[in-house]
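For reference, the structure is listed below as structure tokens.
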Amino acid sequence: MRILTAGLMLVLATIAAPAGAKGAAAACVPGGACARPLPVRVVIVTMFEIGKDEGDVAGEFQLWKTRAGLTTRIPFPQSHHDLFYNPKTQVMGVVTGVGTAKSATATMALGLDQRFDLRRAYWLVAGIAGIDPEDASIGSAAWSRYLVDGDLAHEIDAREIPADWQSGYFARGRNGPNDPRPAPPSQGEMFELNGALRDWAYGLTRNIALPDDPTIRAERARYTDHPMAQRAPFVLKGDHVAAMTFWHGAKMNGWANDWVRYWTGGKGEFVTSAMEETGTYQAITYLDRIGRVDKDRVMVLRAGSNFTMPPPGVTAAANLLRENEGYSGLNAAVESLYAVGSRVVDELTGHWDRYATTIPR
């Protein structure tokens, strides 16, 4: 790692400055004021790494660090993981930690850090997910417009559900899941991203050939009653449920589809399931209010590492326990995330004279 400019030195307080810098790096420290903040064009938001940041089995962050040249380490003690930055492209990578609590606090900590100028930064959330076999195969990558929270609700135990209820889960302020009234105003249950930006990103990447391998071919072949699950990985548009509980099974999959339709008024289509997006985007909406970030520059890309329900003849419990031994589509998913996401990042940074002031659509 090395520091290339005086401006960059100002924000890397704990990285040794090159000869002649005269200790300029000490001017900016985590949590302190900064006269010359580091410009950021794109923030890559990942949630976890399996082991090391490079050189072993790749989690969500590793490919971005090694392939996108994120070689400059920036201390970030107020959060889960240090930041990494490419001084040439002005791309930053963050690892938030798993779950909405960590994703929200990491995003808020970054947004309020005066070492960075994020006012024009684009945000790309790039993570693995469960994927609905009714819509796509593992290894496929979905661009989301709607982010629906799977935790903010009323719930009763499944063993006590009345006979005429489809589930024991329903919106706050409603009289059970059969209440015909439309969804109440969202208080964090649903967020809508910039649809024009999502469509632009999809249009730019829809024809990218995604990696395939024998492992995921064998896995998708088990889904004999789901034609979309049997396809080779592809890029699509589809919406996201964020829930802290790792759920699985046909009944839960039906709930997720119903939950997305309910909160989006029938406009959304459930495709991917993970944990963090509603926390990440909630923080961004607050930061947008004070001009630290632009919430219209946020994109969410999730790639399927596993299916959200079992194949025919397999119980939900058996399939979940099998997946806990290792996601069959993990390698394909992280490769797809980089293949698709880097195409968007390269376009934005390569034509910054255009996209700095004008959001693509």
Using modelled atom types and a 3.5 Å cut-off, is there a donor and acceptor pairing between side-chain atoms of Thr215 and backbone atoms of Ser328? no
State, to 0.1 Å, how close Ala283 and Ala104 come at their nearest heavy-atom pair, and which atoms those are. CB-O, 3.5 Å
Rounded to the nearest 0.5 Å, how far does CD1 of Ile44 lie from NZ of Lys65? 14.5 Å
Would you check, one step at a time, whether the test side-chain hydrogen bond (donor to acceptor under 3.5 Å, both in side chains) holds for Asn306 with Glu219? CA-CA 9 Å; Asn306 56 285; Glu219 182 66 15; over 6 Å; no
Checking Phe48 against Phe61 for the ring-ring contact (aromatic ring centres under 6.0 Å, His included) test, could you report, in this order, the C-alpha distance in whole Å, the side-chain angles of both residues, the deciding distance, and whether it holds? CA-CA 7 Å; Phe48 77 94; Phe61 176 62; over 10 Å; no
Ignoring hydrogens and angles, tell me if any N or O in the side chain of His248 forms a donor-acceptor pair with the backbone of Thr308 under 3.5 Å. yes
Do the side chains of Arg120 and Thr357 get nearer than 4.5 Å, heavy atoms only? yes
Answer yes or no for Arg41 and Tyr122: cation-pi contact, defined as NZ/CZ to six-membered ring centre under 6.0 Å and angle to ring axis within 45°. no
Glu49 and Lys52 ion-paired at < 4.0 Å: no
Is it possible for you to say whether Leu193 and Val148 belong to one hydrophobic cluster, with membership spreading through side-chain heavy-atom contacts below 4.5 Å? no
Just wondering, do Met228 and Pro133 contact through their side chains at under 4.5 Å, heavy atoms? no
Apply the test side-chain contact (heavy atoms from CB on, under 4.5 Å) to residues Leu204 and Arg343: give CA-CA distance (whole Å), side-chain angles for both, the deciding distance (0.1 Å), then the verdict. CA-CA 8 Å; Leu204 192 66; Arg343 176 70 182 88; 3.4 Å; yes
Do Trp123 and Thr280 pair up side chain to side chain, a donor and an acceptor below 3.5 Å, judged on atom types alone? no
Non-hydrogen atoms of Gly139 and Leu210 that approach each other most closely: O-CD1, 3.6 Å
Report yes or no: do Asn178 and Gln166 form a side-chain donor-acceptor pair below 3.5 Å? no
In Å, rounded to the nearest 0.5 Å, how long is the span from CZ of Arg297 to CG of Leu118? 11.5 Å
Should the heavy atoms of other residues, nucleotides or ligands under 6.0 Å from CZ of Arg261 be counted, would the total exceed 12? yes
Going by distance alone, is a donor N or O of one side chain under 3.5 Å from an acceptor N or O of the other, for Thr285 and Gln282? yes
Side-chain contact test, heavy atoms from C-beta onward, threshold under 4.5 Å: evaluate it for Ile359 versus Asp294 and give yes or no. yes
For Phe76, is there any backbone N or O sitting under 3.5 Å from a side-chain donor or acceptor partner on Asp82? yes
Going by the angle between their ring planes, with limits at 30° and 60°, are Trp247 and Trp255 parallel, tilted or perpendicular? perpendicular
Answer with yes or no whether the hydrophobic clustering places Trp259 together with Leu147; edges join I, L, V, M, F, W, Y residues whose side-chain heavy atoms lie under 4.5 Å apart. no
For residues 126-149, the salt bridge (Lys or Arg N to Asp or Glu O under 4.0 Å) pairs (sequence neighbours left out) are Arg145-Glu192
To the nearest 0.5 Å, what is the distance between CH2 on Trp143 and CZ on Arg302? 12.5 Å
State, without any angle test, whether Tyr355 and Glu347 hold a side-chain donor-acceptor pair at a distance under 3.5 Å. yes
Taking C-beta and beyond as the side chain, do Pro360 and Leu197 meet within less than 4.5 Å on heavy atoms? yes
Closest approach of Tyr262 to Ala183 (non-hydrogen atoms, all atoms of both residues): OH-CA, 3.3 Å
Side-chain donor-acceptor contacts of residues 167-176 below 3.5 Å, not counting sequence neighbours, with atom names and distances?
residue: Ser167; atom: OG; partner: Tyr169; partner atom: N; Å: 3.2
residue: Ser167; atom: OG; partner: Tyr169; partner atom: O; Å: 3.3
residue: Tyr169; atom: OH; partner: Gly150; partner atom: O; Å: 2.2
residue: Tyr169; atom: OH; partner: Asp151; partner atom: N; Å: 3.4
residue: Tyr169; atom: OH; partner: Asp151; partner atom: O; Å: 3.4
residue: Arg172; atom: NE; partner: Glu189; partner atom: OE2; Å: 3.4
residue: Arg172; atom: NH2; partner: Glu189; partner atom: OE2; Å: 2.8
residue: Arg174; atom: NE; partner: Pro182; partner atom: O; Å: 3.1
residue: Arg174; atom: NH2; partner: Pro182; partner atom: O; Å: 2.7

Looking at Tyr202, I'd like to know if the NZ or CZ of Arg198 sits under 6.0 Å from its six-membered ring centre while staying within 45 degrees of the ring's axis. no
Given 3.5 Å as the limit, does a donor-acceptor pair link the side chain of Ser140 with the main chain of Ser137, or not? yes
Is there a donor in the side chain of His81 and an acceptor in the side chain of Asp53, or the other way round, less than 3.5 Å apart? yes
Connected via hydrophobic side-chain network under 4.5 Å: Val235 and Leu63: yes
Please tell me whether Val125 and Val260 are part of a single hydrophobic cluster in this structure, the criterion being side-chain heavy atoms less than 4.5 Å apart. no
side-chain contact (heavy atoms from CB on, under 4.5 Å) evaluation trace for Ile208 with Phe234: CA-CA 8 Å; Ile208 291 177; Phe234 61 100; over 6 Å; no
To the nearest 0.5 Å, tell me how far Phe191 CZ sits from Thr264 OG1. 14.5 Å
Tell me, do Asn257 and Met252 make a side-chain contact under 4.5 Å, heavy atoms counted? no
Find the distance between CD (Gln78) and CG (Leu110) and round it off to the nearest 0.5 Å. 8.5 Å
Does the pair Val345 and Trp64 meet the rule for a side-chain contact (heavy atoms from CB on, under 4.5 Å), with working shown? CA-CA 11 Å; Val345 172; Trp64 290 100; 4.1 Å; yes
Arg206, CZ: over 12 other non-hydrogen atoms inside 6.0 angstrom: no
Check the pair Val91, Leu70 against side-chain contact (heavy atoms from CB on, under 4.5 Å), reporting the backbone distance first and the verdict last. CA-CA 7 Å; Val91 173; Leu70 306 181; 4.0 Å; yes
Between Asn86 and Thr89, is there a donor-acceptor pair closer than 3.5 Å when you use the side chain of the first and the backbone of the second? yes
Glu60 side-chain N/O to Met47 backbone N/O, donor-acceptor pair under 3.5 Å: yes
Less than 4.5 Å apart, side chain to side chain, heavy atoms only: is that true for Trp165 and Pro177? yes
If we check side chain to side chain contact (heavy atoms under 4.5 Å, CB included) with Leu83, which of these qualifies: Leu38, Ile74, Thr72, Val43? Ile74
Between the side chains of Thr100 and Ser103, is a donor N or O closer than 3.5 angstrom to an acceptor N or O? no
Side-chain donor-acceptor contact under 3.5 Å, Ser144 with Asp239: no
Under the 3.5 angstrom rule, does the side chain of Asn331 hit a backbone N or O of Val334 as a donor-acceptor pair? no
Can you check salt bridge (Lys or Arg N to Asp or Glu O under 4.0 Å) on Arg322 and Glu325, steps first, answer last? CA-CA 6 Å; Arg322 176 176 178 268; Glu325 297 177 359; over 6 Å; no
Do Leu337 and Ile128 make a side-chain contact, defined as non-hydrogen atoms from C-beta onward lying under 4.5 Å apart? yes
Is Leu152 reachable from Tyr146 through a run of I, L, V, M, F, W or Y residues, each pair having side-chain heavy atoms under 4.5 Å apart? no
Could you state the interatomic distance from CG (Leu112) to CZ (Arg292), rounded to the nearest 0.5 Å? 6.5 Å
Less than 4.0 angstrom from a charged side-chain N to a carboxylate O is my criterion; do Arg220 and Asp212 meet it? yes
